Number of protein chains: 2
Amino acid sequence: MKTADPELMRAINRFHVMDAIRRFGPVSRVELSQLTDLSPTTVSAITAALLDDKLIVPLQVGALRDLGRGRPRVMLKLNPDAARVVGVKLAADQITIAVTNFCADVLGSLALPIRIDRQTASVIADLVEDGVRRCVSDAGLEMSDISGLCVGLPGVVERAAGVCRQSPIFGERDVAFGPSLTERLGVPVTIDSDVNLVALAEHWFGQAREINDFLVVSVERSLGLGILHNGELFRGANGLGPDLGDMMVRLPGPGGGGRLADLASETAVLAEAEPLLRNYDDDATATPKRRLSLLLQRAAAGDERCVALLAAAGEALGFAIANLIALFAPPKVIISGRLLATSEHFVEPLRRSVAAFLPPSLADVADIVMREWSDGFWVRGAAAMTLRDLYGAPWGTTGPALLREAPQTGGEPL
Amino acid sequence: MKTADPELMRAINRFHVMDAIRRFGPVSRVELSQLTDLSPTTVSAITAALLDDKLIVPLQVGALRDLGRGRPRVMLKLNPDAARVVGVKLAADQITIAVTNFCADVLGSLALPIRIDRQTASVIADLVEDGVRRCVSDAGLEMSDISGLCVGLPGVVERAAGVCRQSPIFGERDVAFGPSLTERLGVPVTIDSDVNLVALAEHWFGQAREINDFLVVSVERSLGLGILHNGELFRGANGLGPDLGDMMVRLPGPGGGGRLADLASETAVLAEAEPLLRNYDDDATATPKRRLSLLLQRAAAGDERCVALLAAAGEALGFAIANLIALFAPPKVIISGRLLATSEHFVEPLRRSVAAFLPPSLADVADIVMREWSDGFWVRGAAAMTLRDLYGAPWGTTGPALLREAPQTGGEPL
DNA sequence: TTCTTTATTTTGATACGCGGATTAAATCTG
DNA sequence: CAGATTTAATCCGCGTATCAAAATAAAGAA
């Protein structure tokens, strides 16, 4: 814990104000004063500083006239042009990149449907570098306009060090991807688990805006877990993001290990489904997505074995989720998976097994919802992660400090 | 998060100083300045206030002469008489109570070997009340000398509300034990999971003094889990302490549920061992402790089935611990169990299964150690929990605020 | 135009931490 | 034994923070 000095004090209150402005759209100073429990005087001082730094702007007058007499409120909002950041999402078969402004509005995006799976880290870094440069220039910007970049990827990530301990998309272990990209692009780069990004996105502009504790589970090629706990992203002891795929849900048996990744990921389900699909889909080289949808079709058509297979996967995931609920007691669990999570043959068993495995004292604490995220959503989460740093949350391990003074362009002062 | 004002600032720094004094015994102001990163001026001001409040005292001169010239340092330490607190540990077959001073030195203790198992909550509250009054008076104190009390008990506890959601020692659910005792004793009472207390005790005066992230697992009648994460006790969303017994480690099968409590607790092990022991111990009414030690004897003597039984329990616990390590990545895991944890036939399989189930990227992060706690240790943890509140940690949900101005008696000013 | 009402800013008071100068209390030196 | 030296702790003044109260600004209402 840092020592408390006036600077920290100001940083904390400044962050409160910024956060309130971000969350509650255009707000007046009086409202901010109520929202933050700060005195009007202090709010005035802080907003003056923020206006001075061009991080916020007063809303053009003539906007919403609040019925009533008195002096009209001046509404304040984030200055979209206060900074630009880049978000990158790495998946096995696609690189998605987006440039956003300070409000996390997407200014330009780029999707590269490339299999980066098992490529060298440096090759991937090359691809990302090129993609980012291209995306930035397509948005009519220079790299020097960019204040920061965040890369989300599946696997175990040590955010503080910028190191990816292990990921399905890297052959290597312990890849220092963050520093590598920082050097290539000349811009501060952070990396994080992809699911953390989407968890932050849900918290900032998704379904979980009001909720400070929730779990995010993504079922894709691999399994991801993001935890928001007490309003902060949860990380293990070294800032390590936990990997849901590493959770054990069965005793390792003859059929394979008991890791959840071996039971409920797309990859695992497809591997098991292979013999079942052989009759219907001779093309074993079809994309996983196609093969998965074939499996779902077969299940929907009533193929017992396909149904059982999906049910087994759902149950395994439910087992793990029940354990997580027992630990974190989150009021909400958000589950997503490009295809799997859309099938009742997967979701129903999942729900049932969560209910069955949850201790009675925790029954009904967690509301389990399914949700599909576009690539844009992930990437917006990545951008949000960088913005969060720019806002300057003074507590928690914010990771490497980004430049505080963001390059400015427009913004009209009072 | 609270809003930051000068008061919070001072509270934070004051806590830093108090914490440093607690941890590093008698220290001088210069040392405090280095330890806390505060300027000598500030340390001087804060210690002056603490001396004024009689929370700390200067060590009698003539103490350790630090070789060197200059003006000698004045060593400061906690004022033992600044407050008295009571710690209570509730177990199925025993109530342990201790009164400590402000340094967590035990002034008097009392052990009531009573089976409170399945008693009414109000009966138990009666017993605790009487015990506390007795223990306090035996220590030559009045109840009015007591600043606070903390009760530790197994099960799921919602500390903030003082409610025990569910516990093996209460027949009822949702027992508002804290408020009930507060009213009876006229003293602020908090309750917490017993394992949290022992985790705090390890952090304050045990093996984990230098470590800010570790797990504590207790294998007794029931299973307990305490988590220290980032230097703070980890709690679920509503301040709920997670219960290790509720973790699922197997699919529920014909042999029973897959809850860890049904597989690795003393109770579960004994239930399974019952048929094996029948030949050797006809007295089925013997204490669990005796029967357990008989089981261990049999295993040590080479009884295959007893060995297998212990191994199965150890493996199940290892399974759960591996999952917890995957989540929290703690450098240390402390395991205790009155008897089970002392047997290699239990511990070895546990270690093996942790190693087997842990993902390779996390192999060797956690050092697993066995540890036996005396009842005094638990109770000292309970006292420490109350002291922690008195010290006034300004962050985190410290629960109900205790009186800030503690009753004073001695303490010699400069 | 003048009052009323509400939002924001200005003013004055207070609390805090910090750096530099100062005092305190010992040892060392001659 | 007196003065120099050294190290610890405190005092003084500055800058900054919040906050309460008073003052000002900007509207509508009379």
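This is a predicted model, so every value here is computed, not measured. Note on naming: letters A, B, ... go to the chains in the order of the sequence lines (proteins, then strands), and numbering restarts at 1 for each one.
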* **A/Pro40 vs A/Ala4, nearer the 5' end of DNA chain C by closest nucleotide** => A/Pro40

* To do: Determine: side-chain N/O of B/Asn13 to OP1/OP2 of C/dG17, distance under 4.0 Å, yes or no.
  => yes

* Asked: For D/dA17, does either OP1 or OP2 sit under 4.0 Å from a side-chain N or O belonging to A/Arg10?
  -> yes

* Whole angstrom is fine here: how far is it from CD1 in B/Ile46 over to P in C/dA15? => 15 Å

* **Proximal nucleotide (of C/dC16, D/dT6, C/dT8) relative to the B/Arg69 side chain** => D/dT6

* Base of D/dA26 paired with side chain of A/Arg71 (donor-acceptor, under 3.5 Å) -> no

* Asked: Of all the choices, D/dA27, D/dA17, D/dT18, which nucleotide is nearest to the side chain of A/Pro72 once you look at every atom?
  -> D/dA27

* Charged N-O contact under 4.0 Å between B/Asp5 and B/Lys2 -> no

* To do: Would you indicate which nucleotide in C/dC18, D/dA9, D/dC19 comes nearest to any side-chain atom of A/Ser39?
  => D/dC19

* Separation of B/Ile12 atom CD1 from D/dT18 atom P, in whole Å? -> 14 Å

* **Atom-pair distance (CG on B/Leu8; P on D/dC19), nearest Å** => 11 Å

* **Presence of salt bridge, B/Arg14 and B/Asp19, under 4.0 angstrom** => no

* Ionic contact status for A/Asp389 with A/Arg159, cut-off 4.0 Å -> yes

* Structure fact -> To the nearest angstrom, the CG-C1' distance between A/Leu32 and C/dA7 comes to 13 Å

* d(NE2, B/His16; P, C/dG17) in whole Å -> 12 Å

* **Atom pair distance, as rounded to whole Å: CG in A/Asp37 and P in D/dA17** => 20 Å

* Could you tell me whether B/Gln207 atom CD has more than 12 heavy atoms of other residues or ligands within 6.0 Å of it? => yes

* Asked: Hey, which of these two, B/Val43 or A/Val30, hits DNA chain C nearer its 5' end, going by closest nucleotide?
  -> A/Val30

* side-chain N/O A/Thr42 vs D/dC19 OP1/OP2, d < 4.0 Å -> yes

* Asked: Quick one: is B/Arg29 getting a side-chain N or O under 4.0 Å of the D/dA8 phosphate, OP1 or OP2?
  -> no

* To do: Inspect the contact between B/Asp105 and B/Arg84 and indicate whether a charged nitrogen and a carboxylate oxygen are less than 4.0 angstrom apart.
  => no

* **Length of the line joining A/Gln34:CD and C/dA7:C1', which is rounded to integer Å** => 11 Å

* Asked: Does A/Arg73 put a side-chain nitrogen or oxygen below 4.0 Å from OP1 or OP2 of C/dA7?
  -> yes

* Asked: For the side chain of B/Thr41 and the base of C/dG19, is some donor closer than 3.5 Å to an acceptor across the two?
  -> yes

* Whole angstrom value for the distance that separates P of D/dT18 from CG of A/Asp5 -> 12 Å

